[in-house]
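Throughout, protein chains are lettered first and strands after them, A, B, ... in sequence-line order, and every chain is numbered starting at 1. These numbers were taken from a predicted model, which means no experiment stands behind them.
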Protein chains: 2
Amino acid sequence: MNRQQRLSSILELVVEKGSVEVDDASRILGVSAATIRRDFDVLAKRQLLTRTHGGAVATGSSLGLPLTYKVAKDDKVKQRIAKVAAEMVTRHQIIGINGGTTSTEVARALAARTEFAPSDSQEHSPALTVVTNAVNIAAELTVRHQIKIVVTGGVARPQSYELTGPFAEEVLKEVNIDITFLGVSAFNPIMGAAANHEDEAKVNRQMVQRSKKVVVIADSSKFTRTAFATICSADQIDTIITDSGTDEEMLKKLRQLGIEIIIA
Amino acid sequence: MNRQQRLSSILELVVEKGSVEVDDASRILGVSAATIRRDFDVLAKRQLLTRTHGGAVATGSSLGLPLTYKVAKDDKVKQRIAKVAAEMVTRHQIIGINGGTTSTEVARALAARTEFAPSDSQEHSPALTVVTNAVNIAAELTVRHQIKIVVTGGVARPQSYELTGPFAEEVLKEVNIDITFLGVSAFNPIMGAAANHEDEAKVNRQMVQRSKKVVVIADSSKFTRTAFATICSADQIDTIITDSGTDEEMLKKLRQLGIEIIIA
DNA sequence: AAGCATATGATTGTTTATGCTCACTTTACT
DNA sequence: AGTAAAGTGAGCATAAACAATCATATGCTT
């Protein structure tokens, strides 16, 4: 266990429980209290937590986006969600996909759909058209000949690989999408779907507007989180695909808004 | 086990487990700790992992891409050409890059320019702006925070990863490029620069027109080949970077056209 | 085949991370 | 308020990791 991992673990602890004691952290992580204090200090300096006597508490920024520290471990959950999403798609549809880890899994699941594989009879129209503003998704899918990839232009954001800005918006004005699979940073009935950055939110919003049907793909953690920039209100969402970890109360509220809920 | 394989293996380890110790990597790969440290350093410079004392941890960006994009193939000739090309670039310039293997090497060489690495002083303007219609290049460079990536929209072509079509052309109308590095399928004094597909040729042509200076990057085999679609005539090219395998007669003709020839 | 560039491993002095002690401060309890 | 207990920061010692350097080996170019 090196320092970075320890810092990451401390952040997880503090975000999950709201606060941590020096002693507890010391015991859990197997290092001396002095080391924990030093760790707290560096995280406090980065404003990722606030020191207290005997421990540390979470700050607003630590709840928002500890992306560098986050380890991708919900893979299984996301893959199941993605598989269900991919099964909603039928031949010749136009599919919109934005950026993010869940969206990337949907793209992979789409590519794995064997029905879309090239057939002997040389078809002229592609089996599927995917419109995306995520360059990593575009790069991955480009090798599949049976899928036509349309990329919005724009400026690439390092964290999410999403293209944003006026170029992306211009392109999106000119396309018509059957289903958009929308990955979000946070979702709840009041604020709707939200992303971490206003530029991303804007492009995603436009993708939603150009789409006949919008499917939000979100593991259960997204419903207890908040994010800076709203993409669209909850009533613009047709369907949500999530996992079984979501609170029943939340699901009820969402259903009351007329949203179809699918548990993957 | 050569270096490239080792770098690739290290990335696999770090992506799978989230972090690796120098000692473990040294034992697993059967090389000295000094070598592992050097390997970590080059991967850290590419921002594919983050160094820690005693090891390295995965960065957010190392999680997204399949390994084939991360591990550079070993084409010595193209790499030398690319290195010379990258050295023509100065800070804050706007660089255009089209698709293809040579172009991809130029992008990698640009990313390796240490002068562009992020400095302590938080600069607001990016060290470099890269405009490209190749999604693989965009995906690779997106992780480098010091480079601003502008992607033309368009439809992706499987063979070259290039985006083509009206969306790409609309975006290119609105940008101004200092230097375009133009990878070609074939080049000679009579037909000029040529690509394998008319759509690619059209987009590349537009990139040339939006650019103050155009540098063709072409290994010597390109001068004895032909290709279907012309991008532009030879007199629109300012400079050609090639290897020493090119026929003297050909070089003479090119120089007569006022083209600067650089042998990498 | 000679020569040059690159890759690797070993060595050495330097830096960093960690745990421990101790003098001091904050908190909690009577 | 006064006192005990817990927490803290500073300094110090140790072991691990590191960067720099050099020597050797490997491989590519001419």
Asker: Can you find a side chain N or O atom of A/Arg3 that sits less than 4.0 Å from OP1 or OP2 on C/dT16?
Answerer: no

Asker: Give a yes or no on whether a salt bridge exists between A/Asp24 and A/Arg27, defined as a side-chain N under 4.0 angstrom from a carboxylate O.
Answerer: yes

Asker: Quick check on contacts: within residues 22-32 of chain B, what sits under 4.0 Å from DNA chain D by heavy-atom distance?
Answerer: B/Val22, B/Asp23

Asker: So B/Thr152 and B/Thr132, do their side chains get closer than 4.5 Å, heavy atoms only?
Answerer: no

Asker: Can A/Ser32 and A/Thr35 be counted as having a side-chain donor-acceptor contact under 3.5 angstrom?
Answerer: yes

Asker: Answer yes or no: is there an ion pair linking B/Asp39 with B/Arg6, defined by an N-O contact shorter than 4.0 Å?
Answerer: yes

Asker: With a 4.0 Å cutoff (strictly under), does any side-chain N or O of B/His53 reach OP1 or OP2 of C/dT16?
Answerer: no

Asker: Taking CG from A/Asp41 and C1' from C/dA17, how many angstroms apart are they, rounded to a whole number?
Answerer: 15 Å

Asker: So, is A/Thr35 close to the C/dG19 phosphate, meaning a side-chain N or O under 4.0 Å from OP1 or OP2?
Answerer: yes

Asker: Once you round it to whole Å, what is the distance between C1' of C/dA7 and CG of B/Leu7?
Answerer: 12 Å

Asker: Before accepting this row, confirm whether a basic side-chain N of the pair B/Asp178/B/Lys212 lies closer than 4.0 Å to the acidic partner's carboxylate O.
Answerer: yes

Asker: Does either side chain, that of A/Thr102 or that of A/Asp219, offer a donor lying less than 3.5 Å from an acceptor on the other one?
Answerer: no

Asker: Rounded to whole Å, how long is the line connecting atom CG of B/Asp39 with atom P of C/dA7?
Answerer: 10 Å

Asker: Does B/Arg80 have a side-chain nitrogen or oxygen under 4.0 Å from the phosphate oxygens OP1 or OP2 of D/dC28?
Answerer: no

Asker: Roughly how many Å is it from CD in B/Gln79 to C1' in D/dC28, rounded to a whole number?
Answerer: 13 Å

Asker: For B/Arg38 and for B/Gly55, find the nucleotide of DNA chain D with the closest heavy atom, then tell me which residue's nucleotide is more 5'.
Answerer: B/Gly55

Asker: How close or far is atom P of D/dT8 from atom CZ of A/Phe40, stated in whole angstroms?
Answerer: 9 Å

Asker: Determine, for B/Lys252 against B/Glu248, whether the closest basic-nitrogen to carboxylate-oxygen distance falls under 4.0 angstrom.
Answerer: no

Asker: Give the rounded distance in Å between these two atoms: CD1 of A/Ile36 and C1' of C/dT18.
Answerer: 11 Å

Asker: Can you measure B/Arg51 atom CZ to D/dA16 atom C1' for me and round it to whole angstrom units?
Answerer: 13 Å

Asker: Would you mind reading off the distance between A/Glu21 atom CD and D/dT8 atom C1', rounded to a whole angstrom?
Answerer: 15 Å

Asker: Which listed nucleotide (D/dA17, D/dT8, C/dG19) is nearest to the side chain of B/Arg37?
Answerer: D/dA17

